[in-house]
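In what follows, chains carry the letters A, B, and so on, assigned in the order in which the sequence lines appear, proteins first and then strands, with residues in each chain numbered from 1.
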There are 2 protein chains.
Amino acid sequence: MPTSAHTRPQTDSRRGQLLELGLQLFGSRPYDDVSIDDIAREAGISKGLLYHYFGGKRDFYVAVVAEASARLRAATEPDPALDPRSRIVAGLGAYLDFVDARAAAFTALMRGGLGTDPEIAGVIDSTRQVFVDRFVEGLGLTAPRPVFRTAVRAWIGAVEAASLDWITHRDLPRDTLLMLLLSSLGAHLVVASRLDPAAGVVLTDVEPLLGQLGL
Amino acid sequence: MPTSAHTRPQTDSRRGQLLELGLQLFGSRPYDDVSIDDIAREAGISKGLLYHYFGGKRDFYVAVVAEASARLRAATEPDPALDPRSRIVAGLGAYLDFVDARAAAFTALMRGGLGTDPEIAGVIDSTRQVFVDRFVEGLGLTAPRPVFRTAVRAWIGAVEAASLDWITHRDLPRDTLLMLLLSSLGAHLVVASRLDPAAGVVLTDVEPLLGQLGL
DNA sequence: CGGACCATTGAACTCGATTCAATGACGGAG
DNA sequence: CTCCGTCATTGAATCGAGTTCAATGGTCCG
């Protein structure tokens with residue numbers, strides 16, 4: 001096979017090196033302010049080589065955003081051994097820690113340059129979808145009722161906005177923010193339950209959570 | 001809008017015409033896919049004229065986003081004659097109606113192309129700030145405590161995410177979404193109150209609202 | 001030892017953004 | 001009515017970033 005063992009590591013490492021660099025560059029400067037020459041110079045390679053690994057600048061950017069997404073997802077991988085509430089607390093905590101530690105990568109992902117680009121929007125939306133699915137599944141909500149989908153989606157929006165606000169101002173204890181968002185999730189779910197009586201069955205799963213949250 | 005090629009009186013602001021066109025174009029295609037030639041051709045003017053009214057393509061884009069922001073703000077202007085709750089309901093309703101009617105302009109604003117561009121981010125953030133201020137002021141929350149600022153900011157994020165979800169799927173009655181978001185606001189405020197006991201004074205303003213929401 | 005493959009290069013090319021000197025229409029002043 | 005200044009408008013020239021590609025050289029495998 002042409003895909004022998006010796007070339008892959010080399011390829012992967014260079015690709016990884018470029019992605020890491022892209023995370024830095026796009027995390028600190030606008031897309032248009034990062035030229036191919038900049039990337040090549042900082043990576044110590046020629047312009048042309050970038051095209052060996054990526055289809056072009058836009059393609060490279062998409063890969064960088066996808067990389068940021070993958071890291072965020074990996075960092076917040078839920079632990080199946082935990083009960084639902086602990087799993088959410090752990091996942092949300094890991095999310096905040098990631099935001100705190102890798103603010104550049106996070107903003108690069110969320111503020112994603114080239115906003116109306118469907119490919120970028122796809123990466124970001126699928127990332128959000130992963131979180132929606134995790135929480136919906138973790139809570140035992142099987143039927144994807146519109147009200148619940150929108151409620152969870154709204155909550156994800158709240159998490160993202162609060163996270164950006166948090167790392168911007170840095171005037172809130174991490175755990176305070178965590179409690180705020182946890183309560184917000186509970187509230188969204190109970191409100192959704194009341195607005196969609198036909199899905200009343202799930203309330204039995206939601207109520208205990210709310211009790212623990214003090215709502 | 002006028003369809004005829006040359007029924008345009010001189011009194012018609014060319015600048016306004018271009019902004020209107022930009023709203024359409026950037027609302028339906030990625031930034032990179034809209035060339036100066038495209039804009040000029042569709043506007044029936046020469047490339048060079050665009051530079052007479054705007055500093056350049058990026059500058060033009062910023063102006064378009066600012067225009068979208070201005071329209072959204074104007075459409076949701078609060079009515080001082082109303083009591084706090086009615087004002088919020090009216091404002092939120094107007095917001096949803098705007099999103100519904102001018103989906104292109106809204107997504108152009110919120111998904112703002114060139115995400116990491118500080119100037120664009122500034123326009124979007126200041127738009128959000130206007131909403132934060134309106135709601136905070138409307139509720140009588142004078143002191144901008146971090147917890148409340150973050151809570152309101154999180155709620156704005158929830159509104160935006162829910163709005164995008166709403167116009168994407170269109171499987172939720174407007175008033176259901178409105179109730180969801182209204183309850184979400186109430187929940188965020190009461191949670192913030194509990195997390196920041198020093199700001200307990202504001203609870204007297206929040207509690208009545210919650211009662212009306214059935215929380 | 002030879003050949004193939006593949007990472008890598010640098011120069012050439014393309015195409016869109018930007019600049020600018022020239023044009024002409026309009027409106028006011030004499 | 002005519003001259004003049006202003007200003008919207010143009011089209012061609014320029015510029016630069018993104019992209020392409022044929023050539024190179026090292027490395028591994030048979």
Side-chain angles (χ1 to χ4, degrees), chain A residues 1-22 24-26 28-65 112-120, chain B residues 2 4-22 25-26 28-65 112-117 119-120:
Chain A
M1 291 295 277
T3 53
S4 51
H6 73 278
T7 55
R8 289 302 290 195
Q10 215 169 22
T11 296
D12 282 352
S13 75
R14 173 120 288 172
R15 219 187 122 89
Q17 172 210 350
L18 290 172
L19 287 177
E20 178 66 42
L21 176 63
Q24 267 178 248
L25 293 179
F26 289 125
S28 57
R29 295 214 296 276
Y31 178 82
D32 280 344
D33 284 7
V34 179
S35 71
I36 296 279
D37 293 87
D38 288 341
I39 300 167
R41 189 170 350 96
E42 301 229 15
I45 63 172
S46 72
K47 282 203 296 184
L49 188 55
L50 195 67
Y51 289 85
H52 185 69
Y53 290 97
F54 303 95
K57 186 185 179 184
R58 222 191 63 124
D59 209 60
F60 177 57
Y61 186 80
V62 172
V64 167
V65 172
L114 298 175
T116 49
D117 186 307
E119 214 172 341
I120 308 271
Chain B
S4 173
H6 32 55
T7 55
R8 188 157 298 285
Q10 288 130 353
T11 52
D12 236 19
S13 158
R14 177 126 279 174
R15 212 186 131 88
Q17 173 209 350
L18 290 172
L19 286 177
E20 178 65 38
L21 176 62
L25 293 179
F26 289 124
S28 56
R29 296 215 296 278
Y31 178 83
D32 279 343
D33 284 8
V34 178
S35 70
I36 295 279
D37 294 87
D38 287 342
I39 300 167
R41 187 170 352 94
E42 302 230 14
I45 63 172
S46 72
K47 283 202 295 186
L49 189 55
L50 195 68
Y51 289 86
H52 184 69
Y53 290 97
F54 303 95
K57 187 183 178 183
R58 161 169 310 214
D59 209 60
F60 178 56
Y61 185 81
V62 172
V64 168
V65 172
L114 300 175
T116 50
D117 186 307
E119 215 172 342
I120 309 272

* To do: Please state whether the phosphate of C:dA7, meaning OP1 or OP2, lies under 4.0 angstrom from any side-chain nitrogen or oxygen of A:His52.
  => yes
Applying side chain to side chain contact (heavy atoms under 4.5 Å, CB included) to B:Ala63 and not counting sequence neighbours gives B:Arg15, B:Leu19, B:Phe54
note: A:Gln17, atom CD; C:dT8, atom C1'; distance rounded to Å ~ 13 Å
Given protein heavy atoms under 4.0 Å, the one-letter contact record of nucleotides 15-20 of chain C, with B base, S sugar-phosphate only and - none, is simply --BBB-
note: A:Leu50, atom CG; D:dG18, atom C1'; distance rounded to Å ~ 10 Å
Distance col, row A:Arg14:CZ vs A:His52:NE2, nearest 0.5 angstrom, shows 10.5 Å
A:Ile39 CD1 to D:dA17 P, in whole Å, measures 13 Å
Show the distances under 3.5 angstrom between N or O atoms of the protein and N or O atoms of nucleotides 4-6 of chain D.
none

Here the distance between atom P of D:dT19 and atom CZ of A:Phe54, to the nearest Å, is 13 Å
- Query: Under 4.0 Å between a Lys/Arg side-chain N and an Asp/Glu carboxylate O for B:Asp117 and B:Arg58?
  - Reply: yes
Here the gap from B:Arg41 atom CZ to B:Ile36 atom CD1, rounded to the nearest 0.5 Å, amounts to 12.0 Å
Applying side-chain contact (heavy atoms from CB on, under 4.5 Å) to A:Gln17 and A:Glu20, what does each step give before you reach the verdict?
CA-CA 5 Å; A:Gln17 172 210 350; A:Glu20 178 66 42; 5.7 Å; no
A:Asp38 atom CG is separated from D:dG16 atom P, nearest whole Å, by 15 Å
Closest heavy-atom pair, A:Asp38 versus A:Asp33, reported as atoms and distance to 0.1 Å, is OD2-O, 3.4 Å
Whole-Å distance, A:Tyr53 OH to C:dT9 C1', equals 13 Å
query = Parallel under 30°, tilted from 30 to 60°, perpendicular over 60°: which one fits the rings of B:Phe60 and B:Phe26?
reply = tilted
Between CG of B:Leu18 and P of D:dA8 the distance, given in whole Å, is 13 Å
Would a 4.5 Å heavy-atom cut-off, applied to side chains only, mark B:Ile45 and B:Leu18 as touching? yes
Original post:
Taking atom CD of B:Glu119 as the centre, does the number of heavy atoms from other residues, nucleotides or ligands within less than 6.0 Å exceed 12?
Top reply: no
